[in-house]
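For the numbers below, each heavy atom of this structure counts, side chains included, while hydrogens, waters and symmetry mates do not. So that the names make sense, note that chain A is the first sequence line, chain B the second, and so on, each numbered from 1.
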Amino acid sequence: MERHDAIVIGGGLNGLTAAAYLARAGAKVLLLERNAVLGGADAAYDIAPGFQLARYNLGVSTLPSRIISDLELGRHGLRFLRVDGGISLFEGGYIASYRDGVVHRRELARFSLKDADAWTRFRRDLLRGAQQLRPLLARPLADPSRFSLGTVRRLLNTVSRWGAAEADALHDLTRLWTLSCADFLDDYFESDAVKARLASDALIGTALGPRAPTSARYLLGAFIEETVGASAGAPARNLAVGGPTAIVHALVSAIEAHGGTIRTEAEVTDVLMRERAARGVVLANGEEIHGQTILSDLDLKRTFLALFRWKELPEGFVEKVGRFRMRGVSAKINVALDGAPEFPSVPAGCPAVLGGIRIANSLDDMECAADDWRDRIPPRVPLIDALIPSLADRSLAPPGKHVMSIAVHYVPEALHDGPWTTERKDELADLVVARLAEQSPGIRERIVALETLVPPDIENEVGLTAGDLAQGETTLDQMFFNRPMAALAGNRTPIRDLYLCSASAHPGPLGVGYAGANAAALAAASLGKRG
Amino acid sequence: MLLADRSFDAIVIGGGHNGLVAAAYFAKAGRRVILLEAAETLGGAIATGEISPDYRISTAAHLVEAVPRRIEKDLKLARNGLRFAARRLPTIALARDKRHLTLSCRRQDLTALKQWNPREAAAYVAFSARMKSYASAIRPLLESAPPVPGDIMSDASSIFRKLAWTARRLGRPSFEALLRAIPESMGDLVDETFEMPVLKAALAFEAIRGTSEGPFSPGTSFNFIYRRAMRHETMGVSLPEGGLGGLIDALTRAAASLGVVIRTDTPVKKIIVENGVATGIETDAGEILLAPVILSSADPQATMLGLVGPAHLDARLASRLAHMGRGGATAKLNLALDGLPSIPGLAPAEYGARLLVVPSLQELDQSFASFKRGEFPFEPPMEVLIPSVADRTLAPLGHHVMSILIQYVPFDVTGGWAGQRDRLLDRVIETLSIYAPDIRQRIIAGEMLLPSDIEAKFGLQGGDWHHGDLRADQLLMFRPAPSLARYRTPLAGLYLCGVGSHPGGGISGMPGRLAAELALTERRRA
């Protein structure tokens, strides 16, 4: 019978990161992946021969720089392209985000001089917010419901670090974390185009509309990895050379370099228990593998509801897991194009196009789409975020041809009047293509292949409950010491030697990879390996 | 022109309930106080008016839920004529299928629910107990001046000590649930707890009533807990005899008997500032009145930007005040009826209850969606009272008055109110007719106050009853703005004592009391 120090269930980015950290710490690691391809939502596939893109990834995948340097992923071949933040198209015009501060100011000044001035203040405030947030992501959080002396002291440290000395700073922090996107942006900007551009940046992949309280904090997302010294413009978008799958390859190479083992097409069906501790896993073919610690890269619901007999879990735990809200909010449309689409309203050669093309007319449209999502109807004015990665990275499509990855937001997992059928998926795709065609008239004729994937597809293929790519809603009642739940904050679980290393654990989608790294640190410590 | 008598210790601007409470507390300490009210009558939005001769009703606010026992006792409100026509008013959620649901934790009220759906009844009892314990956990924060954010370490540890104590009392599971509940939306919270649509909707309505948030807006369950904590310890929701004007009459009598000089019809034009110190006020008529302490119960924005003027404020505070989040989303309809409308399914004894018209969470959310689009809902969510059932002084024998709070009415409606006013009235009556089929025939007179009317009539900007939303960045040490918290202003001698200050919300008198006490201590020290 096989024995390992650590078994990682699931080969998504967090699982791979956890395995790489553990292997680096000298543990004998085995990673098991159900599908034939690693990477979970970031797995690469060919939509047509020679046209490659990430199947479910919304185009935002990157790893925190700390993890890239810890695991020396550069040596394993990982390169990033830093491109401008992208453009938003609306009726009769466009607005772009540039990395260069001078150019970005000039762009904002096209809409409002006041907004161009406000940008400096906005950027400063968000960078400060990101700086306050960053230390919380990189380690497991204290659990305030435990109230040991150590916990209270850690929390006090956090509070005093955040609170600074004056009321105004604390007030700014409160506003950033509790206001709605619309209210927060109103404090800085007056132009609707500028506000819609920033809000659409922030709210991609969330269920909240721009007028929902607490949605302002999503504005921080783009600034988390931004450094103060950078050139005062909009945050850059980082694209991995070779697509998100390049990150997967680099992590695999790091795991193997440290002697870790990876098995694909190995579906785990059960966790073996001994004396209330996890001792191994059972595969779908009946094979048993033993390990001292188990790390699960599956979401919270799948981990506990699928891998365990419910009576093995503590009383009341299953109900709590059931209450963890996971709801799909995004669909993905993958397209192969036989030429670069043209956008007549955007000047030729605008470098920001590399960072993505977004169609978001106004905050009201986004709010309306979010309302539709709650009413469980397909969005009438979806938030569309298209990326043509092959513009920057020629290796992804045959010469002169392109792939386009379209994330469509505020798409419910199930419709109020029945499931997603092929016809309804086609209707959604038609709507999205029509919206794109308004801005790029020739695009319909360029399409050689198109595939629409809605949340149920994501659930079936990647295994994410309800197709929720964030692995649990990211409202504040499910973040920080509430993620995945108050008594289970962080990566520990009620089962001894079982750690949760997926985005269902803190910090969730705020920094993909951190959950894996944090869980690996806990597991390594319990194995007696250096962290 | 200088008033002859200028020997006042304090000037109170605004004769709403908080102004009256502040003046009374100040005078109780043996100080000479003058209170100035711009309107002809005291009370602001708390008043009893006439719909038509002999039909009297609380014009705007129609319930008292948060005046604490302490203020009732300190100001001897009972001796000054405050009588209650009804206390501990039960709440009944009306259902389209005529199986109305009584929400209350009294055993006799729950028997019906227990027979109907025992599991739901048990869940409701547990939920109420949970909410009650959360409310009592945060109540100490609301009964004293807000914490000081400046000295964060000492203050944070005192808050943590309080929380640790709370945690021990609540027990761990309950504390965990609180951590999750505070940032959660009320819609999600009740959706995962209950199964009956009417029950879910009624509880969600309590969380969003009077705000411009939807049932699924994150953080709304905190509104519910906050409101529960503000509510009177034992008496819950009450109806003063003679309408809400009865409360103001008692407060006025209390203040007068303590020696407060009250002048109505005296709008204040500006607050006189000398070298960063507020020294007095000037009225519209040009009178000048000086006093070492000035307490303003007017809206913080109106006080600071209007009466003091931005010239005396730093830019940050001025812009913060200009951007205050306020959400007027409530209209009021008062009706005179020639008889009790018949509501099928409602027992005769239940007509005096607080009636909620909110069929389901989804419809509540859709009403909110129309509100966001600048339209009023097709079937507006409502809170309905027939105060004349308990209080015979309000209408001629056999006749009644009905008071209706209409939720999610936007301040500006798409297309303008001119043509839409009657349509809204029609929608409200039509919605009521679902539950009370004969309501239309019973109406003999009525008046409707839109958010804009409420602004014009009572000086509540944006039609917001609370002088600024009760949301996290406008609560506790941030209410109404960080540098105005704890009732002080950047100007020595000027204090804020209105509902815009901590703990805000509703008819409580707490801001008035706490501001007066603070001003008194500071005077003693000076």
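No donor-acceptor contact under 3.5 angstrom links the side chains of A:Asp364 and A:Ser362, judged on distance only. Side chains of B:Ser360 and B:Glu363: a donor on one and an acceptor on the other come within 3.5 Å. Judged by distance alone, the side chains of A:Glu190 and A:Ser112 do bring a donor and an acceptor atom under 3.5 Å apart.
Taking the ring centroids of A:Tyr188 and A:Phe122, they lie under the 6.0 Å cut-off.
Residue with the most contacts toward chain B among A:Lys320, A:Gln478, A:Arg325: A:Arg325 (heavy-atom pairs, distance under 4.5 Å). Looking only at heavy-atom pairs under 4.5 Å with chain B, the residue among A:Thr475, A:Asp183, A:Leu179 that has the most is A:Leu179. Highest contact tally toward chain B, considering only A:Asp186, A:Thr214, A:Asp187, A:Thr178, is held by A:Asp187 [criterion: heavy-atom pairs under 4.5 Å].
Under the 4.0 Å criterion applied to side-chain N and carboxylate O atoms, B:Glu206 and B:Arg228 are not assigned as salt-bridge partners. A salt bridge is absent between B:Arg180 and B:Asp188; no separation between the charged side-chain nitrogens and carboxylate oxygens falls under 4.0 Å.
Of the two parts of B:Gln362, neither the backbone nor the side chain holds a non-hydrogen atom closer than 4.5 Å to a non-hydrogen atom of chain A. Both the backbone and the side chain of A:Leu476 come within contact range of chain B, judged by heavy atoms closer than 4.5 Å. A:Asp371 touches chain B through its side chain: at least one heavy atom from C-beta onward sits under 4.5 Å away, while N, CA, C and O do not. Proximity to chain A is limited to the side chain of B:Arg320, based on heavy atoms less than 4.5 angstrom apart.
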